[in-house]
Amino acid sequence: MTGPVVVVGDVLLDRDVEGVVNRLCPDSPGPVLDETAHVERPGGAGLAALFAAAQGAEVALVTALADDVAGARLSCLLTAAGVQVYALPLVGATPEKIRLRARGRVLLRHDRGGPPGTPGEPDEAVLRLIAGASAVLVSDYGRGVARQPALRAALAATAAPVVWDPHPRGPAAVPGVHLATPNEAEVRELAESPPGPSRLATAARGAQGLRQRWRAGAVAVTLGADGALLCHADATPLVVAAPGSADGDPCGAGDRFAATASVALARGALVSEAVQLAVAEASAYVAAGGVAGMPPVPAGDPAPTAFRTGGERIGVAAAGAVVAATRAAGGTVVATGGCFDLLHAGHVATLEAARRLGDCLVVCLNSDTSVTDLKGPDRPVVSQGDRGRLLAALNCVDAVMIFDEPTPHSVLSWLRPDVWVKGGDYATGAGDEPVLPEAELLRRWGGHTVVVPYLPGRSTTDLIATARAAGIDRLRPAASVGPDGPGRRDGSEPSRHPGTAERQPTKGAR
């Protein structure tokens, strides 16, 4: 493998709600589900990306995310799982799928997000990513990413093996894919071929029809507990039986199959070998309980908006609304981040300079836990609720987002700012941009990192030392929680290193 495994497709936010049913609604014959637990995970192409990453592959996901809470949560979950997110802008809402379950059975599925939106154009970084992939998996869920013309051109041109997991509402595979992986129902609908004398004959006839129409190297029809049927140029299909029968939740088994086959091809396997390995992995996944048997993605609080309701400028919804409005008007989105513990004149100067670089400024604020992890058990001295309110009260700040992760990468993958600003002195590398940890991330969508001068002689650490020397041990209430409840953490104050660099961004909407 010389490049990442690239997954291209529609991502959804999956939420499984477990509960117990002991009574019916008093006003209708419907059951009442008393929730006992819930779990959120990426669905659709996001689930396929998780499966590929779990097999030790470097994985990048090209998808579309809207400027909404679901999009922010997906970015957080995927980044925490080690998936590099290349997000296209999405008009509309990020789709959500909610399953209400009792005793392991689904009572009701509730879909949110409305009709599919229109994904935006991919940046040059996305096109280079596909060209340099070790394998590409197109995980089509019929919501538009696989129809994007520039992406389809890149998929048709790449030298990497392409696996196409189709959807009946999606487009045809690009010509020349190495392997298509429909299930039985999908191949019947997509091939539109008459039924054969047996189940295997029907699957083989449909697979050969799709292979010829799409000019695909091979088509593997998944047969549930019976394994898969592989059709290629040879007239005789290969039947790959499942290693054992498993009575479990098959949700996600197709994604596991396609992801396993993609990783195997990236590592040099033959198509027949990849399909055999994929059948074994999908069968083991179902036997282990399916999605219910998957470990939760460690991405902080499962309700990211719980604290973000402290004012009209604070929170995921506030930040999404500001960013969406700015983009709609053709403006430039600017973001900056840090702890901002004891807001002082140096902070304000940085924020004002950042705001002048564009048409809106979103501040990514480290939560209390994040600050403690970064700076020690005696920090922060001001709670995240108060820090957020102080920042939101500044005229130069349009929105504040609190995050918990060690870095702001998941937040930035969702916000996709045109400009990321840090205050202070940074050493410059051989290129034109400052050497910032976020620089490579910003390049995914054509963004830029810049540095603005930091006022000398202003330091939060020095202010705290001075206050403690005067006998003030703590500058916040001992049990500070605030009306919004305890929050969470991530971000850091601007670092200062020798050397300076400054760069003007290019204005305009992406």
Side-chain angles (χ1 to χ4, degrees), residues 1-9 11 42 45-63 78-88 122-140 145-146 148 150-165 173-181 215-218 220 230 232 255-278 280-281 407 409 413 429-431 433 435 437-447:
M1 293 176 63
T2 58
V5 174
V6 179
V7 180
V8 178
V11 68
L47 183 61
L50 290 188
F51 288 146
Q55 297 181 47
E58 178 189 358
V59 178
L61 172 64
V62 178
T63 189
L78 289 162
T79 303
V83 176
Q84 304 168 27
V85 180
Y86 287 73
L88 311 178
D123 189 83
E124 284 297 323
V126 172
L127 304 182
R128 289 194 301 269
L129 176 76
I130 294 173
S134 60
V136 180
L137 166 59
V138 178
S139 181
D140 185 15
V145 171
Q148 214 288 329
L151 285 180
R152 291 182 65 83
L155 291 168
T158 184
V162 176
V163 176
W164 196 284
D165 193 9
V174 298
V177 300
H178 281 60
L179 177 66
T181 61
R215 287 181 278 165
L230 175 63
H232 38 70
D255 296 302
R256 184 64 171 262
F257 181 94
T260 300
S262 301
V263 173
L265 291 174
R267 292 171 174 166
L270 300 174
V271 170
S272 58
E273 295 171 333
V275 169
Q276 292 176 65
L277 184 59
E281 286 291 325
T407 72
H409 286 191
S413 294
E433 293 189 349
V435 180
E438 301 84 6
E440 182 59 35
L441 180 68
L442 268 287
R443 292 191 186 101
R444 292 182 189 174
W445 53 86

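Note that the structure is a prediction, hence the values are computed from the model and not measured.
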Chi angles and distances behind the side-chain contact (heavy atoms from CB on, under 4.5 Å) call for V136, S262: CA-CA 7 Å; V136 180; S262 301; over 6 Å; no
Evaluation steps, side-chain contact (heavy atoms from CB on, under 4.5 Å), between R444 and S413: CA-CA 9 Å; R444 292 182 189 174; S413 294; 4.2 Å; yes
L151 vs V138, side-chain contact (heavy atoms from CB on, under 4.5 Å): CA-CA, chis, key distance, verdict: CA-CA 10 Å; L151 285 180; V138 178; over 6 Å; no
Side chain to side chain donor-acceptor pair (under 3.5 Å) assessment of T181 paired with D165: CA-CA 5 Å; T181 61; D165 193 9; 3.2 Å; yes
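Between the CG atom of L61 and the CG atom of L129 there is a distance of 10.0 Å, given to the nearest 0.5 Å. The structure places CD of Q84 at 9.5 Å from OG1 of T79, a figure rounded to the nearest 0.5 Å. From D255, atom CG reaches atom CG of L50 across 10.0 Å, with rounding to the nearest 0.5 Å. L270 CG to L265 CG: the interatomic distance, rounded to the nearest 0.5 Å, is 9.0 Å. Here the NE2-CG distance, from H409 to L78, works out to 15.0 Å after rounding to the nearest 0.5 Å. Note: L137 CG to F51 CZ = 11.5 Å, rounded to the nearest 0.5 Å.
A search for salt bridge (charged side-chain N to carboxylate O under 4.0 Å, His left out) contacts involving E440 returns R443, not counting sequence neighbours. For E281, the salt bridge (charged side-chain N to carboxylate O under 4.0 Å, His left out) criterion is met by R256, not counting sequence neighbours.
Taking every heavy atom of both residues into account, Q148 and P122 meet most closely at OE1-CD, 3.4 Å. Looking at every heavy atom in both residues, A258 comes nearest to V163 through O-CG1, 4.3 Å. Nearest heavy atom pair, residue L127 against residue A154, reads CD2-CB, 3.9 Å. Counting all heavy atoms, side chain and backbone alike, H232 lies closest to A218 at CB-CB, 4.1 Å. The minimum heavy-atom distance linking P175 with R215 is given by the pair CG-NH2, 3.4 Å. Shortest non-hydrogen contact noted between A133 and A160 is O-CB, 3.2 Å.
For R152 (side chain) and A146 (main-chain N/O), a donor-acceptor pair under 3.5 Å exists by modelled atom type. A donor-acceptor distance shorter than 3.5 angstrom exists from the side chain of T63 to the backbone of G9, with no hydrogens or angles considered.
At least one side-chain heavy atom of S272 sits under 4.5 Å from a side-chain heavy atom of L230. The shortest distance between side-chain heavy atoms of F257 and V275 falls below 4.5 Å. Residues T407 and L441 have side chains not in contact (no heavy-atom distance under 4.5 Å, counting atoms from C-beta outward). Residues W164 and L155 have side chains in contact (heavy-atom distance under 4.5 Å, counting atoms from C-beta outward).
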